[in-house]
Every structure is written in structure tokens, then in C-alpha cells.
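This report concerns only the one structure given below.
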Amino acid sequence: MATIAAGQQILTIINVLGVAPDDSQDLIDLLIRTTEEVTSRHAGYLSMSLHLSRDRTKVTSYAQWRSRDDFDAMLDDPEAQAGMAAVRRLASPAPAHYDVVWVHPPG
């Protein structure tokens with residue numbers, strides 16, 4: 001379950017992926033499959049949600065991990081690397097790491 005609360009020691013990764021509108025569903029399907037079959041099986045994985053822009057040119061993923069070390073360990077997995085390579089064939093990723101600093105209304 002996604003947790004959006006300030007002050008928690010959770011790594012949040014927001015990745016905006018530019019994609020051709022005709023490829024957006026293929027990208028979403030790939031991200032779902034990779035998350036379910038590879039990413040979610042790693043220690044420290046907490047959640048992933050996907051968001052599609054209304055013009056279908058951007059897919060934004062919102063992922064949460066217990067720690068940066070857990071996330072980095074997943075990146076070393078050859079299956080995860082293959083999934084990321086497949087994503088790059090369909091889209092232009094722009095990931096960044098975040099800490100939640102404020103939420104309204106407070107939870």
C-alpha cells in the first residue's frame with residue numbers, strides 16, 4: 001500500500017516516461033508485468049502506481065522502497081536490468097528520488 005506521509009524514511013521514486021501515444025498501453029503493460037514478476041519480489045519493495053497523461057504521451061510511475069540500499073540491490077538484478085532496457089526501447093525515462101515533505105490534509 002502506498003504511503004504518502006511527511007517525515008517517513010521511505011524512498012519515493014517518481015519517473016516520468018515520455019512515450020508515443022500509440023505505445024503507451026504497451027509501456028503500461030510492460031511496467032505492470034515487470035513490477036509483478038521481478039521488482040515486487042525484492043526485499044524493501046513497498047508499492048508502485050502508474051499514471052497515464054490524458055494525451056497518452058507520458059506515463060508516470062510512483063514507486064516506494066524501504067531504503068535506497070534495497071532499491072540499489074534490485075538494480076543489480078539481471079532480470080530488472082532487462083526490464084529497464086525494454087522500457088527504454090519504448091520510452092524516455094526521467095526518474096528522480098524524493099522525500100515527502102508535506103501532505104494536505106495531514107493524515
Side-chain angles (χ1 to χ4, degrees):
M1 175 69 80
T3 300
I4 303 175
Q8 296 208 359
Q9 298 301 312
I10 293 174
L11 173 64
T12 299
I13 302 165
I14 300 172
N15 192 356
V16 180
L17 300 112
V19 63
D22 291 342
D23 291 334
S24 61
Q25 190 59 54
D26 290 339
L27 176 61
I28 289 168
D29 293 343
L30 173 62
L31 290 166
I32 290 170
R33 188 171 53 256
T34 301
T35 299
E36 289 178 340
E37 295 175 4
V38 180
T39 309
S40 65
R41 296 184 179 165
H42 283 268
Y45 170 84
L46 297 174
S47 69
M48 167 78 105
S49 61
L50 299 174
H51 310 264
L52 177 62
S53 65
R54 291 193 173 179
D55 65 0
R56 303 181 68 83
T57 63
K58 292 179 185 65
V59 173
T60 301
S61 67
Y62 184 98
Q64 293 183 312
W65 287 82
R66 186 177 55 215
S67 71
R68 173 69 189 255
D69 288 342
D70 289 330
F71 176 74
D72 287 344
M74 179 275 302
L75 293 177
D76 289 336
D77 179 342
E79 286 185 280
Q81 292 172 5
M84 289 181 278
V87 165
R88 286 190 297 275
R89 286 191 289 275
L90 285 174
S92 300
H97 296 188
Y98 295 86
D99 295 313
V100 177
V101 296
W102 188 77
V103 176
H104 189 270

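Residue numbers count from 1 along this sequence.
Pairs engaging residues 68-87 under the ring-ring contact (aromatic ring centres under 6.0 Å, His included) rule: Trp65-Phe71, Phe71-His97 [sequence neighbours left out]. The ring-ring contact (aromatic ring centres under 6.0 Å, His included) contacts involving residues 19-38 comprise nothing, where partners must be two or more places apart or lie in separate chains. Sequence neighbours left out, not one pair with a member in residues 9-18 passes side chain to side chain donor-acceptor pair (under 3.5 Å).
Residues passing the side chain to side chain contact (heavy atoms under 4.5 Å, CB included) test with Ala20 are Asp23, sequence neighbours excluded. In this view, Thr60 satisfies the side-chain hydrogen bond (donor to acceptor under 3.5 Å, both in side chains) rule with no residue, not counting sequence neighbours. Here Asp72 pairs with Arg68 under the side-chain hydrogen bond (donor to acceptor under 3.5 Å, both in side chains) rule; sequence neighbours left out. Every residue meeting the side-chain hydrogen bond (donor to acceptor under 3.5 Å, both in side chains) condition with Asp29, not counting sequence neighbours, appears here in chain and number order: Gln25. With sequence neighbours excluded, the residues that form a salt bridge (charged side-chain N to carboxylate O under 4.0 Å, His left out) with Asp70 are Arg66. Under the side chain to side chain contact (heavy atoms under 4.5 Å, CB included) criterion, Asp76 pairs with no residue at all, not counting sequence neighbours.
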Show me the donor-acceptor pairs, under 3.5 Å and distance only, between side chains in residues 77-96 and residues at least two apart or in other chains.
from: Asp77; atom 1: OD1; to: Glu79; atom 2: N; distance (Å): 2.7
from: Asp77; atom 1: OD2; to: His42; atom 2: NE2; distance (Å): 2.7
from: Gln81; atom 1: NE2; to: Leu75; atom 2: O; distance (Å): 3.0

Show me the donor-acceptor pairs within less than 3.5 Å that the side chains of residues 33-41 make with the rest of the protein, sequence neighbours left out.
from: Thr34; atom 1: OG1; to: Leu30; atom 2: O; distance (Å): 2.9
from: Thr35; atom 1: OG1; to: Leu31; atom 2: O; distance (Å): 2.7
from: Ser40; atom 1: OG; to: Thr35; atom 2: O; distance (Å): 2.8
from: Ser40; atom 1: OG; to: Glu36; atom 2: O; distance (Å): 3.3
from: Arg41; atom 1: NH1; to: Glu37; atom 2: O; distance (Å): 3.2

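Its side chain within the 4.5 Å cluster rule, Ile10 clusters with Leu46 among the Ile, Leu, Val, Met, Phe, Trp and Tyr residues.
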